[in-house]
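All remarks here apply to the structure that follows.
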Amino acid sequence: MRYVSTRGGATANFAEVLLGGPAPDGGLYLPETWPQFSRSEIESFAGLSYAEVAFRVMRPFIGDAFTDDEFRADVDGAYATFTHPEVVPLTELSSDKYLLELFHGPTLAFKDVAMQLLGRLFARALEKQGRRATVIVATSGDTGSAAIAALKGQPNVDVVVMHPKGRVSDVQRCQMTSVLDANVHNIALEGTFDDTQSIVKELFADQAFASRVSLTAVNSINFARIMAQCVYYFTAALALDPKLKRRAAFVVPTGNFGDVFAGEAAARMGLPMEVLVVATNSNDILARALETGSYNSGSAQATLSPSMDIQVASNFERALFEASERDGLWVSGAMKAFAQTRSLPIRADALAALRERYVSGAADDAETIAAIGEVHRAYHTIIDPHTAVGVAVAGKLPRMPGIPLIFLATAHPAKFPVPVMRATGISPQLPLHLKDLLTREERCTVLPNSTDAIREFVFQRTGAA
Ligand SMILES: *Cc1c(COP(=O)(O)O)cnc(C)c1O
């Protein structure tokens with residue numbers, strides 16, 4: 001399998017896509033052609049374990065980067081870390097509303113689904129090439145903990161995770177800082193999430209530094225994450241109806257457009273579905289883009305669903321590439337102009353194609369709280385604020401009679417206890433194996449908001465000084 005850049009100027013194989021960052025032309029990688037599964041092939045996945053479906057759906061993407069045995073071992077290992085036997089169970093709220101519970105992994109958010117696999121593949125690919133690497137992550141909470149859980153203890157990887165000091169929840173902080181493996185290096189930056197992101201950008205731009213520590217990223221633009229996420233669209237559709245006759249609308253709480261684009265990937269691979277609902281919080285750049293045809297970036301504001309407080313949805317570039325029938329020249333020009341003007345007018349044919357696949361809406365904090373309360377009262381189920389954004393947005397869409405709604409439940413409610421308490425009066429409990437999380441020993445270095453300070457720290461910790 002070859003991969004092409006959304007800006008038309010580069011190709012790569014799977015190992016390069018896995019270990020590299022963006023394509024050299026600044027674009028994002030996508031498979032040259034989408035693997036195809038016939039309806040009867042997909043139906044034949046019903047009843048198989050999650051890991052087995054994952055293996056079959058993802059195998060075509062891997063090419064010859066790994067043998068079947070190697071890939072199977074990593075897929076099995078990744079999903080054995082989930083505490084639910086079905087890995088990502090579909091639970092019924094009512095006869096036409098379902099929750100796809102994506103939060104049974106080690107850090108209680110959906111990012112584990114991709115990251116647990118990515119960490120294993122990453123270490124294996126490095127080992128095959130006889131290399132070491134330093135993974136650096138700027139995080140507002142969920143990505144950092146998922147990366148640490150996936151990469152801790154790997155012999156050929158150092159993972160440096162920078163969070164804004166005092167601006168992540170206690171649960172999120174402890175999930176990062178209580179991991180004491182020698183290859184895990186936590187930084188609490190005296191700054192904001194935006195500051196952590198600009199420092200990471202500067203470090204990547206410093207080529208001498210980047211090559212000395214072999215700097216890489218596992219962020220949401222890595223195609224391997226999308227590949228891992230498209231699997232649960234298949235298993236959820238089959239759990240809803242093993243004959244695939246009932247077609248669902250998938251409601252996806254969205255920040256960087258990675259999770260919902262994985263739904264597009266599943267559809268392009270042959271999975272029948274009704275529509276994908278792009279649900280954003282008050283940071284509604286995506287909802288506005290689909291409504292008005294103009295993708296305009298503002299400044300991000302803090303909400304009760306912090307993992308979606310994003311003003312530039314990186315993976316949207318992939319959807320634009322597909323919607324323009326893979327016109328890399330147009331995407332390249334449009335993205336370059338966007339970098340200057342923060343505004344991107346979507347070409348009419350691409351906008352029409354996007355609107356056929358996606359519907360969208362935004363919900364603010366008050367609507368998010370109301371949705372948590374309503375789901376609790378109506379179905380005796382507690383959802384987290386990210387999942388609630390999806391529920392609130394779906395409630396505002398024109399009725400889709402007879403169409404089952406599958407809400408992607410992206411985080412465990414105990415990860416965000418404050419809004420849940422406010423909405424329901426109930427303090428959501430951490431799962432048993434994490435009950436003592438907040439009292440575990442922590443290790444973390446507080447550093448000033450300075451790229452030099454971070455560079456020095458990385459040199460020392462990776463032994464590259
Ligand atoms: C990251 C995250 C999201 C958004 O996912 P994207 O792929 O960035 O759209 C939603 N909910 C939770 C809990 C997350 O951690």
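Quick caveat, the model's predicted, so the values are computed rather than measured. Indexing begins at 1, ligand by ligand and atom by atom, following the structure's order.
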So which heavy atom on N296 is nearest to which on L344, and how close? OD1-N, 4.3 Å
Can you find an N or O of F257 that's nearer than 3.5 Å to an N or O of ligand 1? yes
So I426 and H376, do their side chains get closer than 4.5 Å, heavy atoms only? yes
Can you sort out which atoms of ligand 1 are near A411, meaning under 4.0 Å from one of its heavy atoms? 13 (C)
Answer yes or no: is there a donor N or O on one side and an acceptor on the other, between the side chain of T139 and the main chain of V137, under 3.5 Å? no
Identity of the nearest option to atom 2 (C) of ligand 1, non-hydrogen atoms only, from K415, K111, R225: K111
Counting heavy atoms under 4.0 Å, the part of T410 that contacts ligand 1 is both
Per-atom contacts, ligand 1 versus G255 - under 4.0 Å to a heavy atom: 4 (C), 6 (P), 8 (O), 9 (O)
min-distance protein heavy atom vs atom 6 (P) of ligand 1 -> N256 N, 3.6 Å
Rounded to the nearest 0.5 Å, the CG atom of L438 sits from the CG atom of D170 at a distance of 6.0 Å
Nearest heavy-atom pair of K111 and S307: which atoms, and what distance? NZ-CB, 4.4 Å
P253 neighbourhood, listing ligand 1 atoms whose heavy-atom distance to it stays under 4.0 Å: 4 (C), 10 (C)
Do the non-hydrogen side-chain atoms of V231 and V113 ever get within less than 4.5 Å of each other? no
Ligand 1 to T254 polar contact by distance, N or O atoms, under 3.5 Å: no
Does the Lys NZ or Arg CZ of R225 fall within the cation-pi geometry relative to F223 - under 6.0 Å from the ring centre and within 45° of the axis? no
Within the 4.0 Å heavy-atom cut-off, what F110 brings close to ligand 1 is side chain
I310 N/O to ligand 1 N/O under 3.5 Å: no
Nearest non-hydrogen protein atom to atom 7 (O) of ligand 1, with distance, is D259 N, 3.0 Å
Kindly give the heavy-atom pair with the smallest separation between A23 and A10, and that separation in Å. CB-CB, 4.2 Å
If you count the atoms of ligand 1 from 1 in the order shown, which ones are under 4.0 Å from a heavy atom of G258? 6 (P), 7 (O), 9 (O)
